[in-house]
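Only one structure is covered here, and it is reproduced in the block below.
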Amino acid sequence: GAVVSQHPSWVICKSGTSVKIECRSLDFQATTMFWYRQFPKQSLMLMATSNEGSKATYEQGVEKDKFLINHASLTLSTLTVTSAHPEDSSFYICSAFPGTGNEKLFFGSGTQLSVL
Amino acid sequence: QKEVEQDPGPLSVPEGAIVSLNCTYSNSAFQYFMWYRQYSRKGPELLMYTYSSGNKEDGRFTAQVDKSSKYISLFIRDSQPSDSATYLCAMSDMDAGNMLTFGGGTRLMVKP
C-alpha cells in the first residue's frame with residue numbers, strides 16, 4: 001500500500017507557542033489530504049480537507065485561524081496549531097488520498113501533541 | 001442516531017478464536033467499505049477494502065458487506081495476541097469527495 005509519513009510523532013510544547021505537523025505522501029501524489037483529531041478511546045474526528053493549491057475546507061466547529069493548513073505541493077501538507085493551549089492536546093492524524101479512481105485512504109502514523 | 005454505529009467493546013477473546021466485528025449504517029448511498037486496524041497511539045492501517053455487497057478474503061481476514069441490511073462485518077480467524085487493537089469501520093459515497101465516515105471503533109483484546 002501507499003506510504004504516508006507524518007512528523008513529528010510526539011511533541012510537547014508550552015502554552016502559547018505554535019506547533020507544525022508535517023504529512024508527506026512518499027510514493028504517490030496526493031491531490032487531497034485530510035486532517036483528523038482523536039481523543040483517547042474515541043474515533044477519528046475530521047478537522048479539515050486539504051486540497052493542493054487551494055484553501056483548506058474546515059469542518060464545522062474547527063477554527064481555521066487556530067489550525068492553519070497548507071498544502072503547497074502534491075506530496076506535502078502541514079498543520080500548524082497556533083497559540084496552542086492545553087485543550088489542544090490530542091492525537092492528530094493526517095491521511096492522503098491518491099486521486100480519482102482510487103477510493104483508498106492511507107493514514108500517517110499520527111502526532112501526539114501535549115501542551116503544558 | 002449516528003450515521004455509522006459500531007459497538008465500542010472491549011471484546012475479549014482467547015487466542016485462536018474466531019472474531020466477528022460489525023458495523024451498521026444508515027446512509028444507503030455508501031458504496032465503499034473499509035476496515036482499519038489502529039494500535040494505540042498509531043495511525044489507522046487499512047486492512048480490507050470492499051466495493052458494494054459481497055465477501056472479500058485476505059489471509060485470516062474476511063470482510064462481508066450486506067447493503068440490503070446496511071450491515072458490514074469483519075471476521076478474523078485464528079486470532080492472535082498481535083491482533084489486539086481497535087478496529088474501525090469506514091465507508092464512503094462516491095459523491096462525497098472521498099471523505100470517509102467512520103464508526104467509533106471496537107477495541108479487541110486477544111488473550112494468549
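A, B, ... follow the sequence lines: proteins, then strands. Residue 1 opens every chain.
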What one should report as the nearest heavy-atom pair of Tyr36(B) and Leu105(A) is OH-O, 2.6 Å

Would you mind checking which part of Gln38(B) comes under 4.5 Å of any heavy atom in chain A, side chain (CB onward), backbone (N, CA, C, O), both or neither? side chain

Could you tell me the separation between the CD atom of Gln38(A) and the CZ atom of Arg41(B), rounded to the nearest 0.5 Å? 7.5 Å

If Ile, Leu, Val, Met, Phe, Trp and Tyr residues are connected whenever their side-chain heavy atoms lie under 4.5 Å apart, and connections chain through other members, are Phe75(B) and Met34(B) in the same group? no

So which atom in Phe102(B) and which in Ser43(A) form the shortest heavy-atom distance, rounded to 0.1 Å? CB-OG, 3.8 Å

To the nearest 0.5 Å, how far apart are CG in Leu44(A) and OG1 in Thr101(B)? 11.5 Å

Take atom NZ in Lys20(A); do more than 12 heavy atoms of anything else shown fall under 6.0 Å from it? no

Interatomic distance, Phe107(A) atom CZ to Glu45(B) atom CD [nearest 0.5 angstrom]: 12.0 Å

Check the hydrophobic clustering (I, L, V, M, F, W, Y; side-chain heavy atoms under 4.5 Å; chains of links allowed) and say if Ile76(B) and Trp35(B) are grouped together. yes

If you count heavy atoms of other groups shown closer than 6.0 angstrom to NE2 of His85(A), is the number above 12? yes

Are there over 12 heavy-atom neighbours, none belonging to Lys66(A), within less than 6.0 Å of that residue's NZ? yes

